[in-house]
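Quick notes on the structure that follows.
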Amino acid sequence: MQRTHTCGQLRAEQDGQPVVLMGWVNRRRDHGNLIFLDVRDRTGITQVVLDKEVSNEAHAKAEAARSEYVVAVKGKVRRRGAGLDNPNMPTGQIEVVASELLLLNEAKTPPFSPAEDAVANEEVRLKYRYLDLRRPQMQSNFALRSRVAMAIRNYLVEEGFLEIETPFMTRSTPEGARDYLVPSRVHAGSFYALPQSPQIFKQILMISGFDRYFQIARCFRDEDLRADRQPEFTQIDLEMTFPQQELVFRVVEGFLTAAFATAGIQLTSPFIQMTYDEAVRRYGIDKPDMRLPALTDLTGELTPELREQLKIEQRLPVIGFVIPKAGGLSGTQRRALTEEIRTGFGDCGLDSLDVARLKTNAAFATLANAIESRLAAEPTLEGGVTPEDLIIVVTPKLGTPEKWNYDPQWIWKRVGALRLELAKKFADKHKLFDQTGTANDFKFLWVTDFPMYEWNEESKTWDAAHHPFTSPHEDDIKAGRLTSDKGAVRALAYDIVLNGTELGSGSIRIHRKDVQAEIFRSLGMSDAEAKERFGFFLDALEYGTPPHGGIALGLDRIVMILAGASSLREVIAFPKTAKAIDLMVDAPTPVSDAQMRELHLKIASRS
RNA sequence: GGGGACGUAGCUCAGUUGGUUAGAGCGCUGCCCUGUCACGGCAGAGGUCGCGGGUUCGAGCCCCGUCGUCCCCGCCA
């Protein structure tokens, strides 16, 4: 028996047609001499009718059928009678009257039903991943993922990019994330590393003259996980020769537009841009969520006298922001929130003003009104500030936090974090995170001019903020800032941000050996050390390296946001838990002593 | 490495101040039912209250430890 149609395919037009369907029993409704089987495959569900008067034998088999049995149905499509349509399902105008039913396979009673909308806890879902993946929501997530990847491939190939694979077993680089290591059997005591990204290879491909490269590449990082971080993840990695950064942006906007179109979302490009400094100043974070109103600097609204009265530190900024529709709190609720903020900032010396209360006090009413009108200027608050909105004004208490001295952005970052925390807390009220199915749900943003260096408080050194192959701004090199003022050096590095999630980052690379060597030196790496770690790369730079640059975007994150999911596990078929365990296959596991010996390994302690 | 939430039937969860025999819905099993589509009706089975220890006359509930899942900080060039 050969399947003729899928379970999501049949419509009224096929009335009377003989068909063979195959799939899983989604539900069975037994009415005695009449049994309904809902048969499911990844395309949908079709109601099959087993009538004892049509086939006694088929009906008997249907009596034995249970949830998740795999069945084959031979029968005829029938337009349902008047009043029997089910408008809730695409195939609801028809049913298949079975003349023959085969139970292709039985199924144990599943621990949870793929037919239920309610989801089981993640532990069970991950253990029985094959059942979880049968759920229509998951099927649609992976169909979406496939379409997105295909659209991106097509777009990039059209634009002249070549898809080229790079090794999974490569050389460990101590910079950046922790490596996953693969012990060598042939070379005792030596290890390959799984790539954190194909960074160096793609640059070598540019030196090799491939002009435009891309790859949908698996990357591996042995760091602690989050909802949006898995130990292995997939990047859309690309690199091109002779690009201005704007050209990279156009390519990315192009393939994202193509990708989102597969989900029926029509994006408009170019995406807006903002420098890193601006992002931190206006949003307190390098990946602003543009669905929410920005931070507003209210410092100018407070005279020294007012600060004095309100016990506010004179040297530091006063920062306000609005959470739309989260207002109207009672006095008790406001006091609780104020207290929460105060303790949340702990030893940082920050406090907040209760604007609603200020308003009721004649001495401060002018200030409160001024604050309100300043906040209302924020463009995302089209209707101005209303009593429905929640106003937060963060003030530094008397006594200066030490951090201010070396990181002037610190207070902005803290308030930016508070803005996100409160936005999350009041998501039900402002509904700005809800998906409406339009391009409006997706706020893209380019963040440019990242700092080249980052002060590492622990080791008291300057580290590369992006990676050490990133080109600094020409001006900053010329001005000698690589040595004199590292904190002020801007890189030709950029991030693409979607709804507050970093989708990807890239840069224009260094293509001259002298500059590369200088950067290594500026990072405290001696020439000998640089040669030891990146000698092959420095060599390659000497054989006619074209200017080049690129970017890498997290495919998993793109699909996650597009699918409206809140965890990567919803869009990765076989993901790992927060402790990097695969609950289905049970990995990792210890290996046999024989394997260990072969790899010249010994476990120091199993404590 | 640190903080937080959760863990009770196959699943989702309730379980009062520590007090008799630990409950509900769904699912499951059996019987009945020819128009259901979350079918319905009747009957029934199903529990190491994550695990270990402690307090107590008595612990699902309190204490200590531990394991697991999730979220966050650190970390993630």
Rounded distance (Å) that lies between atom [atom2] of [N] and atom [atom1] of [X]:
| X | N | atom1 | atom2 | answer |
| --- | --- | --- | --- | --- |
| A/D30 | B/U29 | CG | P | 12 Å |
| A/R226 | B/C76 | CZ | C1' | 9 Å |
| A/D582 | B/G68 | CG | P | 15 Å |
| A/E63 | B/G30 | CD | P | 11 Å |
| A/R229 | B/C71 | CZ | P | 11 Å |
| A/L225 | B/C73 | CG | P | 13 Å |
| A/N121 | B/U69 | CG | P | 11 Å |
| A/E53 | B/G35 | CD | C1' | 13 Å |

Mind listing the closest non-hydrogen atom pair of A/P195 and A/F168 along with its distance?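 So the two residues come closest at CD-O, 3.0 Å.
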Are any of the side-chain nitrogens in [X] or [Y] under 4.0 Å away from the carboxylate oxygens of its partner?
| X | Y | result |
| --- | --- | --- |
| A/D289 | A/R291 | yes |
| A/R481 | A/D476 | yes |
| A/E570 | A/R125 | yes |
| A/D30 | A/R28 | yes |

Among [options], the one nearest [X] by side-chain distance:
| X | options | result |
| --- | --- | --- |
| A/R569 | B/C11, B/C70, B/C76 | B/C70 |
| A/R80 | B/U12, B/C71, B/U36 | B/U36 |
| A/E223 | B/U36, B/U34, B/C75 | B/C75 |
| A/D38 | B/C71, B/C37, B/C76 | B/C37 |
| A/A227 | B/C71, B/C75, B/G35 | B/C71 |
| A/P111 | B/G74, B/G10, B/C70 | B/G10 |
| A/A120 | B/G35, B/C71, B/U12 | B/U12 |
| A/A177 | B/U36, B/C76, B/U69 | B/C76 |
| A/E123 | B/G68, B/C37, B/G30 | B/G68 |
| A/T109 | B/C72, B/G27, B/U34 | B/G27 |

At 4.0 Å (heavy atoms only), tell me whether [X] reaches a base, stays on the sugar-phosphate, or touches nothing.
| X | result |
| --- | --- |
| A/A115 | nothing |
| A/K579 | sugar-phosphate |
| A/D228 | nothing |
| A/E95 | base |
| A/T470 | nothing |
| A/A464 | sugar-phosphate |
| A/S113 | nothing |
| A/Q196 | nothing |
| A/D51 | base |

Distance criterion of 3.5 Å, no angle test: do you see the side chain of A/R78 paired donor-to-acceptor with the base of B/G35?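 Under the 3.5 Å cut-off, the side chain and the base do form a donor-acceptor pair.
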Side-chain-base donor-acceptor pair under 3.5 Å for A/Q47 and B/U36: yes
Is A/F36 stacked against the base of B/U36, taking the criterion as centroid distance under 5.5 angstrom and interplanar angle under 30°?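 Yes, A/F36 stacks on the base of B/U36.
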Aromatic-base stack, A/H31 on B/C39, cutoff 5.5 Å, angle under 30: yes
Work out how far the [atom1] atom of [N] is from that of [M], and round it to whole angstrom.
| N | M | atom1 | value |
| --- | --- | --- | --- |
| B/U21 | B/G50 | C1' | 24 Å |
| B/A38 | B/G52 | C1' | 42 Å |
| B/A24 | B/C63 | C1' | 31 Å |
| B/C11 | B/A5 | P | 24 Å |
| B/U69 | B/C26 | C1' | 23 Å |
| B/G47 | B/G58 | P | 26 Å |
| B/A9 | B/C49 | P | 10 Å |
| B/G18 | B/C13 | C1' | 22 Å |

Sidechain-backbone polar pair: A/D237 side chain, A/A552 backbone, donor-acceptor under 3.5 Å: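 Not at all, since once roles are kept as given, no pair shorter than 3.5 Å links the two residues.
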Mark yes or no for whether A/H59, through its side chain, and A/G32, through its backbone, hold a donor-acceptor pair below 3.5 Å.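 Yes: the side chain of A/H59 pairs with the backbone of A/G32.
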Let me spell it out: for each of A/E454 and A/R28, pick the nucleotide of RNA chain B with the closest heavy atom. Which residue's pick is nearer the 5' end?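 Per heavy-atom nearest nucleotide, the more 5' residue is A/R28.
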Hey, which sits more toward the 5' end of RNA chain B by its nearest nucleotide, A/F469 or A/T577? A/T577
With both distances under 3.5 angstrom, what nucleotide forms a Watson-Crick or G-U wobble pair with [N]?
| N | answer |
| --- | --- |
| B/G35 | none |
| B/G74 | none |
| B/G68 | B/C6 |
| B/U12 | B/A24 |
| B/U29 | B/A43 |

Pick out which of A/K108, A/R135, A/R40, A/R27 makes a salt bridge (Lys or Arg N to Asp or Glu O under 4.0 Å) with A/E68.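 Output: one option passes, namely A/R40.
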Do A/E100 and A/K61 pass the salt bridge (Lys or Arg N to Asp or Glu O under 4.0 Å) test, and can you show the C-alpha distance, the side-chain angles, and the key distance before you say yes or no? CA-CA 9 Å; A/E100 216 178 307; A/K61 283 184 182 157; over 6 Å; no
Please tell me if A/R29 has a side-chain N or O lying less than 4.0 Å from either OP1 or OP2 of B/C39. yes
Is any side-chain nitrogen or oxygen of A/R66 closer than 4.0 Å to OP1 or OP2 of B/U29?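 Yes, such a contact exists.
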Set out, in order, the CA-CA distance, both residues' side-chain angles and the distance that settles salt bridge (Lys or Arg N to Asp or Glu O under 4.0 Å) for A/D85 and A/R80, then state yes or no. CA-CA 6 Å; A/D85 286 5; A/R80 293 194 191 181; 5.4 Å; no
